[in-house]
**Student:** 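Before I ask anything, let me first share the structure, which is written out below as C-alpha cells.
Residues: numbered from 1 along the sequence shown. Ligands are counted one by one from 1 in listed order, and the atoms in each one are counted from 1 as well.
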Amino acid sequence: MVKLGVNLDHVATIRQQRYTPYPDMLTAIKISEESGADSITMHLREDRRHIQFEDIKIARKNINTKLNLEMAPTNEMCRIANQVKPDFICLVPEKRQELTTEGGLDIKKNFNSLKSVVSKLQESKALISLFIEPDLSSIKLAKDLKVDAIELHTGKYAEAGVSNKEVYLNQIKTASEYANKLSLVVNAGHGLDYTNVKEIARINYMEELNIGHSIIAESIFLGLAEAIKKMKNLIESS
Ligand code: PXP
C-alpha cells in the first residue's frame with residue numbers, strides 16, 4: 001500500500017501570518033497520525049516563513065509514526081538535522097523568493113557539495129532522500145551519492161494541462177521503474193491534490209506520497225481529520 005506523508009508546513013503558515021499561538025502544531029500532528037498519516041513532513045526553511053525550530057522539536061518528541069525533515073543542503077541545516085535526528089531527511093533546493101519549492105535538485109551541478117552534505121548527515125542516522133525531477137540521469141547521480149531514496153517532483157505533472165499530462169505521468173512511471181532497478185526507495189510529491197493523486201498512487205514501486213497544501217486547504221471545509229482520511233481513501237482505492 002502506498003503511504004501518505006502529511007506535510008504540515010501550512011498549519012505553521014497560518015500561525016506565522018499573525019504570530020498567534022494557534023493553530024497548535026501538536027494538535028495537528030496528533031490528528032494527522034490518528035487520521036492515517038504514515039509520516040509527518042516539515043520543511044524548516046532558511047527564512048523560517050512557516051515551520052520554526054520549535055515545531056521540529058515538538059514533532060520529534062511527540063511523533064509516533066515517522067518524522068520527515070525537508071531541508072536545504074546547508075551547513076546550518078546539517079547541524080540541526082544531526083541534533084534532531086529525524087527518521088527521514090529529504091534534501092530540497094531552496095530559493096528565498098520562491099512561493100514553494102520550484103523544482104528538483106540539480107545534482108549534476110552540485111554533486112560535490114551534495115556528497116559532502118550526505119556524508120555530514122550520516123551522524124543523524126536518518127534515511128536520506130533527494131528531491132529530484134523524474135529524469136534518469138538525476139536518478140543515476142542520486143545512486144552515485146549513495147542515498148537511500150528519491151522523491152520524484154510531481155509539480156510539472158500536477159500543473160500540466162490535459163494535452164501533456166500523460167507525458168509527465170509517463171516520465172514519473174519510467175523514473176520509478178529505473179530507481180527501483182537501482183534499489184532506491186521511490187517517493188513522490190508536490191502539487192498533488194484530490195483530483196490528480198490516484199494516477200501517481202498507481203505507479204509501480206511508489207512507496208510514499210508527500211502531500212501538504214491541498215490537504216490543509218481541504219481541511220478548511222472538512223476539518224483536518226476528514227481531509228486526511230479523504231486523501232488516504234483515494235490513495236488506498238487507486
Ligand atoms: N515534497 C517536497 C519535497 C516539497 O518541497 C513539498 C512542498 O513543501 C511537498 C512535497 C508538498 O507539496 P504540496 O504542499 O504541494 O503538497
**Student:** Show me which atoms of ligand 1 lie under 4.0 Å from any heavy atom of Asn7.
**Tutor:**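 Ligand 1 atoms under the 4.0 Å threshold to Asn7: 8 (O), 11 (C).
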**Student:** Looking at every non-hydrogen atom in both residues, tell me the closest pair between Asn196 and Tyr157 and how far apart they are.
**Tutor:**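 Minimum heavy-atom contact is O-OH, 2.8 Å.
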**Student:** Other residues, nucleotides and ligands only: do more than 12 of their heavy atoms fall within 6.0 Å of NZ on Lys120?
**Tutor:**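 Yes, NZ of Lys120 has more than 12 neighbouring heavy atoms, counting only those of other groups under 6.0 Å.
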**Student:** Which one of His50, His190, Met231 has a non-hydrogen atom at the shortest distance from atom 12 (O) of ligand 1?
**Tutor:**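 Minimum heavy-atom distance to atom 12 (O) of ligand 1 goes to His190.
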**Student:** Below 3.5 Å, N or O to N or O, backbone or side chain included: is there any such pair between His213 and ligand 1?
**Tutor:**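 By distance alone, the answer is yes.
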**Student:** Which residue owns the protein heavy atom closest to atom 4 (C) of ligand 1, what's the atom, and how far is it?
**Tutor:**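 Ranking protein heavy atoms by distance from atom 4 (C) of ligand 1, first comes Glu70 OE2, 3.2 Å.
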**Student:** Using a strict cut-off of 4.0 Å, indicate which atoms of ligand 1 neighbour a heavy atom of Asn210.
**Tutor:**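 It comes down to these atoms of ligand 1: 10 (C), 11 (C).
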**Student:** Strictly distance-based, threshold 3.5 Å: is any side-chain N or O of Thr41 a donor or acceptor partner for the main-chain N or O of Asn210?
**Tutor:**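 No, the answer is negative, given that no donor and acceptor are paired below the 3.5 Å cut-off.
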**Student:** Under 6.0 Å from the ring centre and within 45 degrees of the ring axis: does the NZ or CZ of Lys57 meet both conditions for the six-membered ring of Phe53?
**Tutor:**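 Yes, cation above the ring, under 6.0 Å and within 45°.
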**Student:** Under 4.0 Å from a heavy atom of Val92: which atoms of ligand 1 are those, numbered in the order shown and with their elements?
**Tutor:**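 Those atoms are 3 (C).
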**Student:** Under 3.5 Å, N or O to N or O, is Glu151 touching ligand 1 that way?
**Tutor:**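 By distance alone, the answer is yes.
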**Student:** Is there a heavy atom in Gly191 that sits closer than 4.0 Å to ligand 1?
**Tutor:**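 Gly191 counts as a contact of ligand 1 under the 4.0 Å cut-off.
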**Student:** At a non-hydrogen distance cut-off of under 4.0 Å, which region of His153 contacts ligand 1 (side chain, backbone, both, or neither)?
**Tutor:**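 His153 to ligand 1: no contact under 4.0 Å from either part.
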**Student:** Only one of Asp9, Asp55, Asp24 forms a salt bridge (charged side-chain N to carboxylate O under 4.0 Å, His left out) with Arg15, so which one is it?
**Tutor:**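 Answer after filtering Asp9, Asp55, Asp24: Asp55.
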**Student:** Tell me the contacting part of Asp9 for ligand 1: side chain, backbone, both, or neither, using a 4.0 Å heavy-atom threshold, strictly below.
**Tutor:**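 Looking at Asp9 and ligand 1, just side chain atoms fall under 4.0 Å.
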**Student:** If every non-hydrogen atom of Val117 is compared with every non-hydrogen atom of Cys78, which pair is closest and at what distance?
**Tutor:**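 Closest pair (atom of Val117, atom of Cys78, distance): CG1-SG, 3.7 Å.
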**Student:** Which pair of heavy atoms, one from Leu8 and one from Ile51, lies closest together, and at what distance?
**Tutor:**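 Looking at all heavy atoms of both residues, the closest pair is O-CD1, 4.1 Å.
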**Student:** Of the non-hydrogen atoms in Ile80 and Arg48, which two are nearest, and what is the gap between them?
**Tutor:**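 Residues Ile80 and Arg48, closest heavy atoms: CD1-NH2, 3.8 Å.
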**Student:** Please determine if Gly212 has a nitrogen or oxygen closer than 3.5 Å to a nitrogen or oxygen of ligand 1.
**Tutor:**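 Checking ligand 1 against Gly212, an N or O pair does fall under 3.5 Å apart.
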